[in-house]
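Take a look at the structure set out below.
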Amino acid sequence: MTDITSAINGRTSANNFDPTHVMSQAEISELAQLANQTPTSFNQQNWRLVAVNTPAAKARLKAAAYNQPKVGDAAVTFVVVGKVGGHKDLPTLIKPMLDGGHIDQAAFDGWIGMANGMYDSNAQLQRDEAIRSASMAAMTLMYAAHGKGLVSGAMIGFDPAAVSAECKLAADEIPAMLIAVGRPAPGNWPRKVRRALADVVSFSAD
């Protein structure tokens, strides 16, 4: 418990990154694999990552992110992508549960039926779920980076159409946010003060 507590209390957002730091594909993939453990509604796994780590690609993404320096300086900037209508993938995604004997056919059919009933006719909920799942994955990714001794910075300052075009996103995909990851450079702020606990939690009455 100490390790995760330290990560939560120790992680802070970075704006300044060491531009000489290079991460291998294996290191980037390890972070992605940790993020891949993120839970999603009905296990629809309706998100993915685009890892932008080459100089040319970072320069193009930086232009689409209003020229924020950290996009060019960080070792990698992840585009966190949410998928609208991810529940349609469930028959494939949960079939291993059926094949492995963890659920029976009735549970399999009910699982898919409930998801279809919730999402099929609700485009707004599908979009909300895409952003929600991508956001949860993004936080897992940032804690994973912190656990590897790296810093990270989330960004919503970008042109969605330009980022979608650069990453060749499908029509049902949304760029939810960008996450810059790398080694820190001097000048990052200390952890910002949080609101008082009484302002963020209340308890239900008997």
Query raised in the report: Any donor-acceptor pair under 3.5 Å linking the side chain of S133 with the backbone of A130?
Result: no

**Report entry** Partner of F17 by side-chain contact (heavy atoms from CB on, under 4.5 Å), out of V151, L150, V71
**Finding:** V151

**Report entry** Atom CD1 of I156: over 12 foreign heavy atoms under 6.0 Å
**Finding:** no

Query - Residues R48, E173: salt bridge by 4.0 Å N-O rule - result: yes

Query raised in the report: For N67 and K62, what are the C-alpha separation, side-chain angles and deciding distance, and is it a side chain to side chain donor-acceptor pair (under 3.5 Å)?
Result: CA-CA 5 Å; N67 290 309; K62 180 180 175 181; 5.5 Å; no

Query - Heavy-atom check, side chain of S152 versus side chain of R11, under 4.5 Å - result: yes

Query raised in the report: Between D128 and R132, is there a side-chain N and carboxylate O pair less than 4.0 Å apart?
Result: no

Query raised in the report: Which heavy atom of G72 sits nearest a heavy atom of K58, and at what distance?
Result: O-NZ, 3.4 Å

Query - Whether over 12 other heavy atoms sit under 6.0 Å from K192 NZ - result: yes

Query raised in the report: Between the side chains of H87 and D120, is a donor N or O closer than 3.5 angstrom to an acceptor N or O?
Result: yes

Report task. Please report the closest heavy-atom contact between A162 and A64, naming both atoms and the distance. Result -> CB-CB, 3.7 Å

Requested in this report: In plain terms, say whether E166 and R60 are close enough for a salt bridge, that is, a side-chain N and a carboxylate O under 4.0 Å apart.
Outcome: yes

Query raised in the report: Under 6.0 Å from the CZ atom of R127, do we count more than 12 heavy atoms belonging to anything else shown?
Result: no

Query - Same cluster (ILVMFWY, side-chain, under 4.5 Å), M139 and L31 - result: yes

Query raised in the report: Does the side chain of I28 come within less than 4.5 Å of N53's, by heavy atoms?
Result: yes

Requested in this report: In plain terms, say whether K83 and D89 are close enough for a salt bridge, that is, a side-chain N and a carboxylate O under 4.0 Å apart.
Outcome: yes

Query raised in the report: Side chains of V50 and F78: closer than 4.5 Å at any heavy-atom pair?
Result: no

**Report entry** Shortest non-hydrogen contact between N46 and E129, atoms and distance
**Finding:** ND2-O, 3.3 Å

Query raised in the report: Nearest heavy-atom pair of M114 and F42: which atoms, and what distance?
Result: CB-CE2, 3.8 Å

Report task. Flag the pair V80 / L49 as yes when at least one side-chain heavy-atom distance between them is below 4.5 Å, and no otherwise. Result -> yes

Query raised in the report: With no hydrogens and no angle check, is any side-chain donor or acceptor of E27 less than 3.5 Å from a backbone partner on S24?
Result: yes

Requested in this report: Answer with yes or no whether the hydrophobic clustering places I179 together with W189; edges join I, L, V, M, F, W, Y residues whose side-chain heavy atoms lie under 4.5 Å apart.
Outcome: no

Query raised in the report: Yes or no on side chain to side chain contact (heavy atoms under 4.5 Å, CB included) for I112 and I94, after CA distance, side-chain angles and deciding distance?
Result: CA-CA 9 Å; I112 294 170; I94 65 173; 3.9 Å; yes

Query raised in the report: What are the two closest heavy atoms between Q44 and L90, and how far apart are they?
Result: CA-CD2, 3.7 Å

Report task. Verify, without hydrogens or angle tests, whether T140 (side chain) and A35 (backbone) share a donor-acceptor contact under 3.5 angstrom. Result -> no

**Report entry** Nearest heavy-atom neighbours spanning M177 and A138
**Finding:** SD-CB, 3.6 Å

Query - Student check: side-chain heavy atoms of T12 and N188 closer than 4.5 Å - result: no

Query raised in the report: Under 4.5 Å between any side-chain heavy atoms of I8 and Y143, yes or no?
Result: yes

